[in-house]
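Chain letters run A, B, ... following the sequence lines, proteins first and then strands; every chain starts at 1.
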Protein chains: 4
Amino acid sequence: MSPRASLVASPELADQGAQRIEWARANMPILRALEAEFRRDRPFEGMRAAVSIHLEAKTAYLALVLRDGGAQVAVTGSNSGSTKDDIVAALAREENVYVYAHHGASPAAMLDYRVAAIELEPQIVIDDGGDLVELLHDDYATIGRGVLGACEETTSGVLRARARAEAGELAFPVLLINDARCKYLFDNVHGTGQSVWDAVMRSTNQVIAGKVVAIAGFGWCGAGCALRAQGLGARVIVSEVDPVKAADAAMRGFDVAPLAHACERADIVLTVTGVKDTLTPEHFAGMKDGTLVANAGHFRNEVDVDALASLSSESRSFRENVTGYRLEDRWIHVLGDGNIVNIACGDGHPAEIMDTSFALQALSARHVADNAGRLDAAPIDIPKEIDERVARLKLQSMSLEIDELTAEQKDYLSSWEHE
Amino acid sequence: MSPRASLVASPELADQGAQRIEWARANMPILRALEAEFRRDRPFEGMRAAVSIHLEAKTAYLALVLRDGGAQVAVTGSNSGSTKDDIVAALAREENVYVYAHHGASPAAMLDYRVAAIELEPQIVIDDGGDLVELLHDDYATIGRGVLGACEETTSGVLRARARAEAGELAFPVLLINDARCKYLFDNVHGTGQSVWDAVMRSTNQVIAGKVVAIAGFGWCGAGCALRAQGLGARVIVSEVDPVKAADAAMRGFDVAPLAHACERADIVLTVTGVKDTLTPEHFAGMKDGTLVANAGHFRNEVDVDALASLSSESRSFRENVTGYRLEDRWIHVLGDGNIVNIACGDGHPAEIMDTSFALQALSARHVADNAGRLDAAPIDIPKEIDERVARLKLQSMSLEIDELTAEQKDYLSSWEHE
Amino acid sequence: MSPRASLVASPELADQGAQRIEWARANMPILRALEAEFRRDRPFEGMRAAVSIHLEAKTAYLALVLRDGGAQVAVTGSNSGSTKDDIVAALAREENVYVYAHHGASPAAMLDYRVAAIELEPQIVIDDGGDLVELLHDDYATIGRGVLGACEETTSGVLRARARAEAGELAFPVLLINDARCKYLFDNVHGTGQSVWDAVMRSTNQVIAGKVVAIAGFGWCGAGCALRAQGLGARVIVSEVDPVKAADAAMRGFDVAPLAHACERADIVLTVTGVKDTLTPEHFAGMKDGTLVANAGHFRNEVDVDALASLSSESRSFRENVTGYRLEDRWIHVLGDGNIVNIACGDGHPAEIMDTSFALQALSARHVADNAGRLDAAPIDIPKEIDERVARLKLQSMSLEIDELTAEQKDYLSSWEHE
Amino acid sequence: MSPRASLVASPELADQGAQRIEWARANMPILRALEAEFRRDRPFEGMRAAVSIHLEAKTAYLALVLRDGGAQVAVTGSNSGSTKDDIVAALAREENVYVYAHHGASPAAMLDYRVAAIELEPQIVIDDGGDLVELLHDDYATIGRGVLGACEETTSGVLRARARAEAGELAFPVLLINDARCKYLFDNVHGTGQSVWDAVMRSTNQVIAGKVVAIAGFGWCGAGCALRAQGLGARVIVSEVDPVKAADAAMRGFDVAPLAHACERADIVLTVTGVKDTLTPEHFAGMKDGTLVANAGHFRNEVDVDALASLSSESRSFRENVTGYRLEDRWIHVLGDGNIVNIACGDGHPAEIMDTSFALQALSARHVADNAGRLDAAPIDIPKEIDERVARLKLQSMSLEIDELTAEQKDYLSSWEHE
C-alpha cells in the first residue's frame with residue numbers, strides 16, 4: 001500500500017515552519033551530531049517509521065533525522081491542540097516524509113491520522129502515550145506483527161506497556177525511553193519543571209513569588225515543578241499517595257498535605273499525577289477566589305473540568321487560555337481547558353531538553369534497526385551504552401569534561417577486599 | 001485649552017482591551033482597595049493628571065483609579081513597542097480619560113503624544129524614565145510651572161531627577177517612587193527578576209537550567225534577575241563596577257568577573273546596568289556561537305545593537321523577537337532588538353507587582369494633591385507612612401498577619417539604657 | 001561459648017553516655033515506636049545479634065531496641081575514631097548487651113573487638129561497610145553458617161556484598177539497607193549533606209558562602225553535599241566519572257570539571273566517591289594556598305594523605321582536626337586526617353536521619369527473624385512494605401498526612417485503556 | 001596612670017591561644033594586608049585604644065593589628081561567656097597589649113574589666129553593643145572627653161548611640177561600623193546566617209532539613225538566618241512588626257505569621273529582633289513538645305528564659321548547651337541559656353566574615369586618628385571610600401575582578417539628557 005499523501009491545512013505557512021525547525025535544530029546539538037552520523041551510516045535504509053509525538057518544530061527535526069538515516073517516515077501529532085500547522089506545512093515539503101495532522105483536529109480526524117501513519121506499515125514506531133502502540137495491538141494487529149520495536153516517550157505510555165506485558169499481550173518490543181536516566185533526569189525534571197511555569201506566566205501575567213503552589217504528584221515531573229516553583233519564589237505544598245515520595249518532599253523543604261487541604265491554601269493548583277480525577281468537585285469546593293488550576297499530566301483527565309463547568313453558575317474567558325468558572329462568590333481559573341499546560345499554553349519542552357530525549361529516541365530506533373528480530377516482545381530498558389552516549393554528547397554540547405576511573409580503581413570497585 | 005481627542009488606531013479591539021484591564025484589576029487587590037477609597041474621597045476632584053508609562057492593561061487600570069479619584073487623566077505610552085492598541089481602544093471609551101498612543105509609533109509621533117498629554121496642563125505627573133518631566137522643564141516649562149508634583153517610577157528617571165536637582169534646575173517636586181522599599185523590593189527584584197526570564201523563555205523556547213548566564217549590573221533589578229536565573233537552574237556570573245555590590249554577589253554564591261570575560265563563558269548575556277554602551281563590539285567579539293543577548297535596562301542603549309549589526313556579515317529573524325547576527329562563523333542572537341526585554345518580548349511585570357508599585361503611585365499622587373503647594377521642588381522620598389500602608393495592604397491581600405511592638409518594647413528601642 | 005565481658009575504658013562516663021543516649025532517643029521518634037512494638041512482640045526472643053556501626057549514641061539506642069525485642073546484642077564500633085567512650089560505658093551497664101570498643105583503638109584491637117562480637121555467634125548481623133560480613137566469610141566462616149541474615153548500611157558495604165555474590169561466594173542473605181529509598185533519600189542526601197558541612201564549619205570556623213567547593217562524586221551523598229554547599233552560599237564544581245551523573249549535576253546548576261581542574265579553582269575539596277585514590281599528588285600539586293581537603297566517603301583511602309605528608313616540607317596542627325601540610329609556598333589543610341569527616345570531626349548524621357536508617361535496620365532485622373531460613377543467600381532488596389512503613393512513621397513524626405488512591409484510580413493505573 | 005597588668009586565668013593555655021590566633025590570621029587576608037600597611041605607616045603612633053568585643057581569636061588579631069599600627073591596646077571581652085581563656089593568655093604575652101577578661105566572669109568582674117580598659121584613657125574605642133561608650137558617658141565621662149572616636153560594631157550599639165545623639169548627649173564621634181554595607185551585607189547576613197545554624201547543629205545533632213523554623217525578626221541578620229535555614233532544607237516562618245520587611249519576606253518565599261502562631265507550628269524558634277521580651281510565656285505556652293529555642297540577638301533578654309524556668313516543673317541538661325524545661329507534658333529546649341547562640345554555643349562568626357568587619361574597624365580607627373579632633377560628636381557613617389576599599393580587598397582575596405566605568409559612562413550617569 002503506498003502512503004497516503006500528506007495533509008496540509010495551511011501550505012502558506014511552510015516557510016515559517018521551516019524557520020522554526022531551523023531554530024530548533026540550532027538548539028539541538030546532540031541530534032545534529034546524530035544527523036551527521038545517520039547520513040553517513042544510513043541505519044534505516046529501506047525501513048519505514050511512524051512518529052506520533054506533539055507535532056511541533058522539535059519533533060519535525062527528529063523525523064528529519066530519521067529520514068536522513070534512510071527511513072520513510074510518517075508523522076502524526078499526539079495531541080490535536082499541540083499540532084502546529086506551519087510545521088506540518090514545512091514537513092510536507094520534505095522528501096520521504098508523510099505528515100497527517102492539523103491543529104484542532106477532531107478526535108475522529110485524529111484517529112484517522114493515526115491510521116494513516118500506521119498504513120505506512122512501520123517497522124519502527126516512535127510513540128507518546130502509547131497511542132500508536134494501542135492501535136497496533138487492536139484493529140491494526142496485523143500491521144503490528146511487522147513492528148520491530150516501538151520507543152515510548154512518556155510515563156503514561158510506559159505504564160500502559162507494562163500493564164499490557166503483565167497481561168501477556170505485548171506483541172512487539174517496547175523500548176522504555178521514559179525510564180532512561182537521560183530522559184527523566186532532564187525531560188521530566190527540567191523540561192516539565194521549566195515549561196509548566198513558562199506557560200503559567202505567559203498565560204496569566206501573574207507573579208509566582210510569594211504565591212502558595214499546591215502540586216499533586218511528586219514523581220520526577222512533579223519534583224521538577226516543585227523545584228522551579230520554589231526557584232521562582234513560591235511556597236510549595238506537595239500532595240502524594242506514596243509515603244516515601246511524600247517524606248522525600250518534606251525533607252527537601254516542601255510542605256506536605258492531603259490535596260483537599262492544600263487546595264484550600266493554594267493560589268495555584270497543579271496536577272502531575274498520571275492519575276485521572278485528581279481534582280474533583282470536592283477539591284474545587286475548598287478553593288479560594290481566584291485560584292489558578294492547571295494540569296501538567298499527559299492526559300486531560302487529571303482535572304475534572306467538565307464537573308467544574310457543570311457546577312459553575314457562569315464561565316468566561318479572561319485571557320487567552322484562561323477560563324474562569326464561577327462557584328457562588330468565587331472564580332476558579334482553569335488554564336488551557338485542562339490540557340497539558342506546557343503544551344496547550346506554551347511551546348512545550350525547551351529545545352535542549354528534547355535534544356536529549358529525542359537523541360535517546362534516535363539511538364533507540366537505531367538499536368531496534370541494528371537488532372532487527374533479536375529483541376524480546378517485552379518492555380525493554382534502554383541499554384546503558386545509549387544512555388551514557390547521550391550524556392557524553394550532552395556534556396560535549398555544554399563544553400564540560402569528566403574523569404575516567406583508573407584500572408586500579410575499577411578493580412577496587414569490583415572487589416570486596418578493602419583495606 | 002481643551003484636551004485633544006484620544007487617538008485610537010484599532011477601535012475594534014476595545015472589548016478585548018477591556019477584558020484585559022478586567023484581568024489586571026482582578027490581580028491588583030491593593031489598587032482595588034484604593035479605587036474604593038478614591039471613589040469615596042475624590043482626592044483629585046477638579047485636577048488634571050498626565051500618565052506616561054508602558055501603556056498596557058495595568059497602567060490603564062491605574063489611570064482609571066486616578067480618574068475615579070476625580071481627575072481628568074491624559075495617558076500616553078512611555079515606549080512605542082510596549083503600547084497595546086487594544087488597551088488604548090478600551091481607555092478611549094472611558095469618561096475623563098484621554099489617550100494618545102499607538103503600537104509602533106515613530107519617535108516623532110511619540111513626542112507628539114507626550115506633548116498632547118502635557119497640553120492637558122497636568123498638576124500631577126506620573127512618569128517613567130523622566131520623559132514628561134524632561135519636556136516640562138524644557139519646551140513646556142510654562143506648563144511645568146503648574147505641576148504640583150511628579151511621581152517617577154524608575155531608577156533611570158530618579159537618576160535624571162537627582163542630576164537635575166544637583167544642577168539646581170528642578171522646577172517642581174519629584175517623588176521618588178523607585179526608591180520606596182515597596183517599589184524596589186518588589187518591582188525591581190521580583191518584577192524584573194521574573195518577567196525577564198518569562199520573556200527569554202517564551203521568545204526562545206530554550207532551557208535555562210545548565211546554562212551560564214552573565215548579568216551586567218547587580219542593583220536591585222540585576223540581583224533579582226540573578227536570583228531567578230539561579231532558581232531556574234543556571235550558573236550566574238555577575239559583572240559590576242561597584243566593588244561592594246560585586247563582593248555582595250560573590251558572597252551570595254554568584255561568580256563575579258569582568259564583563260568581557262563573562263561574555264566569553266556565557267550562553268546568555270543580560271544587561272541591567274542603567275548605563276549606555278554596556279555591551280560593545282569588544283564584548284561581541286568574545287562571545288560563543290549561539291549566545292543570546294538581552295537588555296533588561298530601561299533604555300535600549302545598554303546594548304550597542306547597531307554596532308553589532310554593522311559588524312555582522314548577515315542577519316536574520318529566527319523566531320519572533322529573535323534576530324541573529326553573524327560574526328564570521330558565529331551567530332549572536334539579540335532579543336527584542338535590544339529594547340527592554342520583559343516588555344518588548346513579554347507582558348512586562350506581573351500584575352501583583354505593578355499593584356504595589358502603582359499603589360505607591362496612587363498614594364503619592366494623593367500626597368501631592370493633599371499637600372498642594374507645600375512640597376519642595378526637590379527629589380522627595382516617599383513618606384514612610386505610604387510605604388508601610390502599601391505593605392500592609394499587600395500583606396492583607398496575601399492573608400498574612402504581623403505583630404505589633406508593645407509599649408515597653410518601643411521604649412526599649414528608643415533608650416540607650418539596656419540591662 | 002559465653003560472651004566475653006564488655007570492655008570499658010572509662011566507666012566513670014556512663015552517666016554522661018546515658019544522657020546522650022536519652023537525647024538521641026528523644027530525637028528518634030520512629031525507633032521509639034518500634035521499641036514499643038518490639039517490647040510487645042519480642043521478635044528476637046532467644047536470638048543473638050551483632051552490631052558493628054559507628055559507636056555513638058544513636059547506634060547505642062538501636063542496640064537497645066534490638067535487645068528490647070528479645071535479643072542478646074554484641075556491639076562494636078566500625079571506626080576507632082568515631083567510638084565514644086561514654087556511650088560504651090553506658091551500654092556496658094545494660095542487661096544482655098555486650099560492648100567491645102574504645103576510642104582510638106589500634107587496628108589490631110579493632111579486629112579483636114570484631115572477633116569478640118562474632119564470638120557471640122550472631123544470627124542477625126547489623127553491619128557498616130561489610131566488616132563483620134568479611135570475617136564471617138573468612139576466618140569465622142563456621143560461625144557465618146549460622147547467620148540468618150545481615151543488614152548492610154552503606155554503599156561501600158553493598159558494593160562488597162554484590163561483588164562477593166557475583167563471585168558466587170556470598171554465604172548468607174545480605175539485606176541492602178543502603179538501597180532502600182528511605183535510606184539513601186534521607187541518610188545519604190540529607191544526613192551526609194548536612195553533617196559534612198556541620199563538621200567543616202565547626203572544625204575550621206570558616207565561612208562557606210562565597211567559597212568555591214569541589215566535590216568529587218555525585219552519587220546520593222555527593223549530591224546532598226553539593227545541595228547543602230549551594231544552600232550555604234558556595235559555588236560548587238562537581239567531578240564525576242559517570243557521564244549521566246555529570247550531566248545531571250550540570251543541569252541542576254552545578255559546574256562540572258575534571259577533578260584536577262576543579263582542584264585548581266577550589267577553596268574546599270571534598271571526596272565522596274567510594275573509590276580509593278581519588279585525591280593524589282597530581283591533585284595536591286594544583287591546589288591554591290589554604291585549600292581545605294576533606295573526605296566524606298566511608299574509607300580513609302579516598303584521599304592519599306600519606307602521599308601528601310611525604311611530599312610536604314612541614315606539617316602542623318592549626319586547630320583540632322585541622323592539619324596543615326606545606327608544599328613549597330602553599331599550605332594544604334586536611335580535616336580529620338582524611339577519615340570520614342562528618343564522624344571524625346563531628347557527631348555524624350543527625351538523630352532524625354539515623355532514625356529512618358535504623359528503623360530500616362530494626363524492621364529488616366525483624367524480617368530476617370520472621371523469615372528465618374527462608375531467605376536466599378543473596379543481596380536482597382528491602383521489601384517495599386518496610387520502606388513504606390518507615391516513610392509513614394516518618395511522616396507521622398512530622399505531623400504530615402497524605403492521600404490514598406481511590407479504587408477507580410488504582411484500576412486506572414493498572415489498565416492500558418485510557419480515555 | 002599606667003595600665004593595670006593583664007589578668008590571665010590560665011597562662012598555660014597561651015600556646016594553644018597563639019595557635020588559634022595564627023589560624024584566624026590565616027583566614028583574614030584583608031586584615032593581613034592592613035597589618036602590613038599599619039606596620040609601615042604607624043597611624044596610631046603614641047595613641048591608646050580600648051577594644052571590647054567578644055574576646056576570641058579574631059578579636060585578638062584585630063588588637064594586634066592596631067598595636068602594630070603603633071597603639072597601646074587594652075582589650076576586654078564584651079560577653080563573659082564568649083571569652084576564651086587561651087586567647088587571653090596568648091594576648092597577655094604580647095607587648096603593648098593589656099588584657100582583662102576571663103571566661104565565666106561575674107557581671108561585677110566584667111564591669112571591673114571594662115573599667116580597667118577605660119583606665120588606659122583610650123583615644124580610640126572599638127565597641128560592641130555600646131558597653132564602653134556607656135561608661136565613657138557616665139562614671140568615666142572625664143576620660144570620655146579624651147576620646148577622639150568610637151567605632152561601634154552592632155545594630156544594638158548603633159541604636160543606643162542614635163538614641164543618645166537624639167537626646168543631645170553624645171560626647172564624641174561614634175562611627176557606625178554596623179551601618180556600612182561591608183558590615184551588614186556580610187557580617188549580619190552571612191556571618192550570623194551561617195554561625196547560628198553551625199551552633200544549632202553542633203549543639204543538638206538535629207537535622208534541619210524538613211524542620212519548621214520560626215524566625216522572629218527579618219532585619220539583615222534575620223534574613224540571613226532565614227536564607228540559610230532554607231538552604232539547609234527547612235521551611236521558614238518569619239514574624240515581624242515592620243510590614244515592609246514582612247511583605248519582603250513573603251515575596252522571597254517565606255511564610256509570614258504572628259510569632260504566637262509561628263511558635264505553635266515550629267520545631268525551632270529563633271529570635272533576632274534586637275528587642276527584649278520577644279519570646280514570653282504566651283509563646284512558650286503554644287509550643288510543641290521538643291521545640292528548640294535559641295536567641296541570635298545581641299542581648300540575652302530576647303527570650304525570657306527566667307520566666308520559662310519559673311513556669312516549668314522540671315529542668316535538666318540534655319547535652320552541652322541544651323537545657324530542657326518541662327511544661328506539663330512537653331519539653332522545651334533552650335540553647336546556650338538564651339545567650340547569643342552563635343557565640344554561646346559556637347565559635348561566633350567565621351574568620352573571613354570578621355575579616356571584612358574588622359577591616360572596617362581598623363580603617364575607621366585610622367580615620368579617627370587621621371582626623372583627630374575634626375570629626376563631629378555625632379553618629380557618623382563610615383566614609384564610602386573605606387567601604388569600597390574593604391570590598392576591593394575582599395574581592396582581591398577571592399581572586400575576583402570587576403570593571404570600571406568609562407569616562408563617557410560616568411558623564412552619562414550624571415547627566416539628565418538621555419537620548
request  = Identify the residues of residues 319-327 of chain B whose heavy atoms come closer than 4.5 Å to a heavy atom of chain A, ordered by number, or report 'none'.
outcome  = Arg319(B), Val322(B)
key: Per-residue contact mode, Ala26(B) against chain A (heavy atom under 4.5 angstrom)   = neither
ask   = Relative to chain A, which segment of Lys288(B) carries a heavy atom at a distance below 4.5 Å: side chain, backbone, both, or neither?
value = neither
message = Tell me the closest heavy-atom pair linking Ala209(A) and Arg228(B), and the distance in Å.
response = CB-NH2, 3.7 Å
ask   = For Val207(A) and Pro350(B), which heavy atoms make the closest approach, and how far apart are they?
value = N-CB, 3.2 Å
Nearest-0.5 Å distance that lies between atom CG in Asn27(B) and atom OG1 in Thr204(A) = 7.5 Å
ask   = If you round to the nearest 0.5 Å, how far is CD of Glu56(A) from CG of Asn205(B)?
value = 7.0 Å
query = Do you know the tightest heavy-atom contact between Trp23(B) and Leu292(A)?
reply = CH2-CD2, 4.5 Å
message = Counting only non-hydrogen atoms closer than 4.5 Å, does His349(B) touch chain A with its backbone (N, CA, C, O), its side chain (CB onward), both, or neither?
response = backbone
query = Taking only residues two or more places apart in sequence, or in another chain, which ones meet Arg392(B) in a salt bridge (Lys or Arg N to Asp or Glu O under 4.0 Å)?
reply = Glu404(B)
query = Between the main-chain N or O of Ser317(A) and the side-chain N or O of Gln19(B), is there a donor-acceptor pair closer than 3.5 Å?
reply = yes
remark   = In terms of heavy-atom pairs under 4.5 Å with chain B, the winner among Gln194(A), Arg316(A), Glu22(A) is Gln194(A)
ask   = Is the count of non-hydrogen atoms from other residues, nucleotides or ligands lying under 6.0 Å from Glu328(A) atom CD greater than 12?
value = no
query = Between Gln16(B), Met201(B), Glu352(B), which has the largest tally of heavy atom pairs under 4.5 Å with chain A?
reply = Glu352(B)
ask   = With chain B, which of Leu400(A), Leu232(A), Asp289(A), Asp267(A) has the greatest number of heavy-atom pairs at distances under 4.5 Å?
value = Leu232(A)
inquiry  = I'd like to check Arg202(B) versus Asp347(A) (side-chain heavy atoms, cut-off strictly below 4.5 Å). Are they in contact?
reply    = no
inquiry  = Out of Gly231(B), Ala199(B), Gly191(B), return the one with the most heavy atom pairs under 4.5 angstrom to chain A.
reply    = Gly231(B)
request  = Would you indicate whether Glu314(A), at its atom CD, is surrounded by more than 12 heavy atoms from other residues, nucleotides or ligands within a distance under 6.0 Å?
outcome  = yes
query = Where does Ser195(B) contact chain A at under 4.5 Å (heavy atoms): side chain, backbone, both or neither?
reply = neither
remark   = Of Ile353(A), Leu227(A), Ile208(A), the largest count of non-hydrogen pairs under 4.5 angstrom with chain B goes to Ile208(A)
